[in-house]
Amino acid sequence: MAILSMGTTFLRGGLDSFTAVNTGISNKLGIGLGVYQLAVNLVIFIFILWLDRKQIGIGTILNMVLVGFEIQWFTTIYHQLFGYRTTFLIVAADTLIGLILFTLGASLYMAPDLGAVPYDAIAPIITQRTKLSYRTARITQDVLFMVAAVMLLSHIDKRTYHTIYNALQTTETMRNNMSEYSTSDLRSQLKIVRHNMANSKEMYDSFVEQERLLQDELNKRIAKAKNK
């Protein structure tokens with residue numbers, strides 16, 4: 001699983017639709033991939049436990065818990081070693097190394113037959129309970145999952161807009177009605193505002209770090225161009 005996770009890291013969180021979608025949504029939500037993927041896997045795991053517990057093994061549990069965190073950890077190491085540069089040669093090298101590691105890890109994982117990945121167990125269960133072939137069930141599953149993810153990401157973008165708009169409206173309302181608040185209301189509102197400020201600060205700090213990384217890289221390229 002560590003080899004498989006390392007391969008996924010070189011492929012920049014992609015290749016299989018489940019990990020790719022989880023990476024995108026966790027980034028949008030500001031949640032670590034490990035935590036988000038574990039939560040999604042737990043939901044799927046409950047249904048597998050109910051529908052076909054024979055699919056479950058020690059490999060199921062370990063994959064469900066570890067892979068998301070391993071990808072997150074390997075991604076941090078990757079960026080520390082190689083930075084955030086993206087060129088054709090880097091992408092080509094990452095793709096080749098990622099495919100080799102991913103397929104090797106997947107083969108080593110599947111060979112012992114110690115339990116299916118929660119997401120991968122869905123199609124076999126559908127095949128057993130319907131007349132659909134495994135190929136049709138798996139393709140349909142991946143397509144539906146991707147469509148649902150795109151719709152969710154679109155909803156998140158709209159929700160971000162409404163969050164900012166509502167914050168501005170709340171500030172204006174608070175400014176106009178401050179004298180009408182009781183002491184208890186003031187304390188309650190203060191707790192809410194401080195909680196929102198803490199969440200906003202984490203997001204702001206993340207953007208500051210992104211800006212620093214981009215500016216540092218730009219400065220390096222400008223300095224390199226001047227030296228030439």
Side-chain angles (χ1 to χ4, degrees), residues 1-82 94-149 152-153:
M1 284 188 291
I3 296 172
L4 189 151
S5 299
M6 194 181 300
T8 305
T9 299
F10 275 96
L11 292 165
R12 300 176 189 257
L15 191 62
D16 68 290
S17 60
F18 183 64
T19 304
V21 168
N22 286 342
T23 301
I25 294 178
S26 64
N27 287 338
K28 280 283 187 180
L29 293 175
I31 303 172
L33 175 62
V35 174
Y36 180 80
Q37 186 149 311
L38 175 59
V40 175
N41 274 326
L42 281 172
V43 174
I44 299 174
F45 179 78
I46 292 171
F47 284 98
I48 297 172
L49 193 63
W50 174 44
L51 295 171
D52 187 5
R53 61 183 60 194
K54 292 179 181 178
Q55 297 278 349
I56 299 171
I58 185 63
T60 307
I61 306 299
L62 292 175
N63 186 290
M64 180 175 68
V65 174
L66 295 178
V67 169
F69 290 103
E70 288 179 343
I71 294 172
Q72 195 174 328
W73 184 60
F74 284 131
T75 299
T76 300
I77 295 175
Y78 177 95
H79 289 315
Q80 289 175 347
L81 293 175
F82 305 111
D94 283 353
T95 301
L96 179 61
I97 295 171
L99 283 172
I100 292 172
L101 291 174
F102 186 92
T103 51
L104 173 61
S107 300
L108 292 172
Y109 174 83
M110 290 185 289
D113 194 22
L114 296 177
V117 177
Y119 180 78
D120 291 342
I122 296 174
I125 292 174
I126 294 174
T127 301
Q128 292 171 8
R129 294 174 175 266
T130 67
K131 295 181 180 180
L132 290 175
S133 65
Y134 174 79
R135 178 181 178 182
T136 302
R138 183 56 192 253
I139 292 175
T140 303
Q141 172 189 331
D142 287 340
V143 170
L144 289 176
F145 193 84
M146 291 292 289
V147 169
L152 177 60
L153 289 172

Rounded to the nearest 0.5 Å, what separation is found between the [atom1] atom of [X] and the [atom2] atom of [Y]?
X	Y	atom1	atom2	value
I56	L49	CD1	CG	4.5 Å
T95	L11	OG1	CG	6.0 Å
T60	I44	OG1	CD1	12.0 Å
L51	I46	CG	CD1	11.5 Å
D52	R129	CG	CZ	7.0 Å
I139	Q141	CD1	CD	11.0 Å

Worksheet item: Are the side chain of Y36 and the backbone of G68 linked by a donor-acceptor contact shorter than 3.5 Å?
Response: no

Is any side-chain heavy atom of [X] less than 4.5 Å from a side-chain heavy atom of [Y]?
X	Y	value
V67	Q37	yes
M1	L108	no
Q128	K54	no
V43	F47	yes
R53	I48	no
T8	F74	no
I61	M64	yes
Y119	D142	yes

Discussion item. Using 30° and 60° as the class boundaries, would you call the ring planes of F82 and F10 parallel, tilted or perpendicular?
Written reply: tilted

For residues [X] and [Y], report the shortest heavy-atom separation together with the two atoms involved.
X	Y	value
D120	P124	O-CD, 3.0 Å
I3	L101	CG2-O, 3.3 Å
Y134	A123	CE1-CB, 3.6 Å
L99	T103	O-OG1, 2.7 Å
A121	A116	CB-CB, 4.1 Å
T9	I71	OG1-O, 3.6 Å

Practice prompt. Apply the test side chain to side chain contact (heavy atoms under 4.5 Å, CB included) to residues I122 and R138: give CA-CA distance (whole Å), side-chain angles for both, the deciding distance (0.1 Å), then the verdict.
Written response: CA-CA 8 Å; I122 296 174; R138 183 56 192 253; over 6 Å; no

